[in-house]
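Down below is the structure, laid out as structure tokens.
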Protein chains: 2
Amino acid sequence: MIKKRVSMKDIAQRLGISTALVSYVLNGKLSDRINKATASLVKDTAKEMGYQPNLLAKSLRNSKSYTIGLILADIANPFSAHLARIIEDEAKKSEYTVIFGSADESHLKFNDLVQTFLSRQVDGFIIAAVEGAEELLRSLKEQNIPCVLIDRYFSGIEMNAVTTNNYQVSYDGIMKLRQNGFNRIGMLHLKSSLTPMTERVRGYQDAVSKDNTYTGDRYLIGIDEPDLKLQVVSAIDQLVSRDEPVDALFFASNLLAMEGLIHIRNLNLRVPEDIGILCFDQSAAYNLFYCPLSYIEQPINEIGEQAVTILLNSIDNSELPVQDLVLESRLVMERSALKTS
Amino acid sequence: MIKKRVSMKDIAQRLGISTALVSYVLNGKLSDRINKATASLVKDTAKEMGYQPNLLAKSLRNSKSYTIGLILADIANPFSAHLARIIEDEAKKSEYTVIFGSADESHLKFNDLVQTFLSRQVDGFIIAAVEGAEELLRSLKEQNIPCVLIDRYFSGIEMNAVTTNNYQVSYDGIMKLRQNGFNRIGMLHLKSSLTPMTERVRGYQDAVSKDNTYTGDRYLIGIDEPDLKLQVVSAIDQLVSRDEPVDALFFASNLLAMEGLIHIRNLNLRVPEDIGILCFDQSAAYNLFYCPLSYIEQPINEIGEQAVTILLNSIDNSELPVQDLVLESRLVMERSALKTS
DNA sequence: CTGAAAGCGCTTACAG
DNA sequence: CTGAAAGCGCTTACAG
């Protein structure tokens, strides 16, 4: 059996005083009214006996668990993993613990996680929501449970959110490609109704349509996530074998870029001579590609930090107005986006 | 304010019965002795009122939190992130929740995490330990707190562990390189006293020393993690510019391989013509390198699953003997390990 | 300066 | 078939 851990009661008994007194001392409350000698005796004894407060009991009594629930799309995705790390670090600074789960784009898993975390009395949520989550989010809002949405934004619901300027940075990126001389720019995106993806597509569409270059959907292909590899391959095959083939590609996500670049290499297409490249999201992997790749870098650290800050504020004060923070991504232009012909 | 959540007491009052009865019904206990009508009434009312059990209270009462503490080296490392995902999934199947933290190779952070998690009354730990953790691990063992070590193994302490055959697979990998005709094989490893690294080095040393090819340390260079990038660059520069330069390189970790390959490409060394390559750990990034890379793949899924299984077993039954599971890694030989001259 | 007492939301041995 | 009561480890208003 696990050794019984020592409680305040144990300390109190050993010292022949009340648990109330032990509690006051150990929490530094009423310190002005407590006998200094008693106080230090209590502290010493606590240390000696290896006292560890039981946070479960504390939480139950205070109806505050100092726990935040983090729901991510997929912790195995580097973007999520990085975010998880920042959020855990940041939460810890304020003595909060993080419990987490991956929703894997499944509505059922998402609901399940929310319920589990509620049972565990989390003080609030940081959520990268999945499609079909609106109803549940609305109910969290109604119950006044502090939440911050990250990455994905639901326009119908007034909730705290930390997102990035997906539309603008995509637009800027494409315009930059155009200025650099590319004029048949294709885009691969994930079929998704969630804002980051839709906004990136919209940014692309507006940029390529500007001044009537061509209408936005001519070189635009949506990919189904479950069948990603195969579809990326055939999409690229298609785009490069047209009468007027693409001369540049914009990958709307990490994973798309990964698979796309592999195929481009297999096709022996030269970047940027045959095809220019722009990717959304940074990846350590890009460094292994022969041509320095251009990408759009979201400020992950800031997203994580701000999400925690906003959440903790709204836990402390439920009257705060809803915050909707849009951070700026950075456009990093490398050789893959320079026309050389 | 957060709306008060509904408790068993609320249900009991509404129905004019005792909370005991509510508890019995909702937990399916004593179900043979309870009036079916009352039972279904309770269940319906619970559902209608949106009852959510308070796991904090339950845990306090049962001295069991259904929580496991996961301590990783660094959640932002793909290997860890993947592991975290498996462990969370696997734990969830048994209704356990995971709380996690990154120790970042810091002894202090590690201690801190253990204390925090103990305060939260975790039922057990899954731990990728840091250097200098022995003492604390020993104390966990003394307190009979269920633990499973992963990835890193401490020979002095009898604890459950799930690791992989680092020595053997490294040995095999190097022997394979030799069979393929490489005979001046270098290795870059992290300076670390922890088993995975030391075992990989030992495997390399034994393999290159076999039949007196050369002694094991001639082409062996240790890298300090904080200064990894620069040191990898200068290590490689050194190894390839000797009178008898290396004709192959074994990278003992993901990160080393990443930086090393970038530099090899910058030097315009051809893989495998100028230099053969073998990497420890798989990485999605390898696919972007121009030459298919050989690597050693640890069975991450199995590590995670087994760790959870062993942990839950030892939570349920503290009398179980210590388990020390060594899983087999897989050697994946690609063109980077084929001598072509 | 200190203690007795109630209560957070649950479970369970005991009694009827 | 059901209820009263104690207790898990804490905190805190109240009394002295």
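Chain identifiers are assigned alphabetically (A, B, ...) following the order of the sequence lines, protein sequences preceding nucleic acid strands; residue numbering begins at 1 within each chain. Model, not experiment: these values are computed from the prediction.
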Under 4.0 Å, heavy atoms only, any strand: does T38(A) hit a base, just the sugar-phosphate, or nothing?
sugar-phosphate

Which pairs count as salt bridge (charged side-chain N to carboxylate O under 4.0 Å, His left out) when at least one residue sits in residues 46-65 of chain A, sequence neighbours excluded?
R14(A)-E48(A), K64(A)-D123(A)

Base, sugar-phosphate or nothing for L55(B)? Non-hydrogen atoms, less than 4.0 Å.
nothing

Both distances under 3.5 Å, Watson-Crick or G-U wobble: on that basis, could you give the dot-bracket string for DNA chain C, with [ ] for crossing pairs and | for other-strand partners?
|||.||||||||.|||

Provide the full list of salt bridge (charged side-chain N to carboxylate O under 4.0 Å, His left out) pairs with a residue in residues 89-104 of chain B, sequence neighbours left out, each pair given once.
R85(A)-D104(B), K109(A)-D89(B), D112(A)-K92(B), R85(B)-D89(B), E90(B)-K93(B), D104(B)-K109(B)

If you look only at pairs with a residue in residues 36-71 of chain A, which of them pass as a ring pair (Phe, Tyr, Trp, His ring centres under 6.0 Å), with sequence neighbours excluded?
Y66(A)-Y96(A)

Using a 3.5 Å cut-off and no angle test, enumerate the donor-acceptor pairs between side-chain atoms of residues 152-161 of chain B and protein atoms at least two apart in sequence or in another chain.
| residue | atom | partner | partner atom | Å |
| --- | --- | --- | --- | --- |
| R152(B) | NH1 | E105(B) | OE1 | 3.2 |
| R152(B) | NH1 | A129(B) | O | 2.6 |
| R152(B) | NH2 | E105(B) | OE2 | 2.8 |
| Y153(B) | OH | D324(B) | OD2 | 3.3 |
| N160(B) | OD1 | Q323(B) | N | 2.8 |
| N160(B) | ND2 | C147(B) | O | 3.1 |

Rounded to the nearest Å, what distance is computed from the CG atom of residue N35(B) to the C1' atom of nucleotide dG3(D)?
15 Å

Considering only distance and modelled atom types, tabulate donor-acceptor pairs under 3.5 Å from the side chains of residues 300-308 of chain A, sequence neighbours left out.
| residue | atom | partner | partner atom | Å |
| --- | --- | --- | --- | --- |
| N301(A) | OD1 | H82(A) | NE2 | 3.4 |

Indicate yes or no for a side-chain donor-acceptor contact from T38(A) to the backbone of K36(A) under 3.5 Å, with no hydrogens or angles considered.
no

Sorted by chain and residue number, the side chain to side chain contact (heavy atoms under 4.5 Å, CB included) partners of N317(B) (sequence neighbours excluded) come out as E319(B), L320(B)

Residues forming a side chain to side chain contact (heavy atoms under 4.5 Å, CB included) with S40(B), sequence neighbours excluded:
none

Counting primed atoms, P, OP1 and OP2 as sugar-phosphate and everything else as base, the B/S/- map of nucleotides 8-14 of chain C against protein heavy atoms under 4.0 Å is BBBBBB-

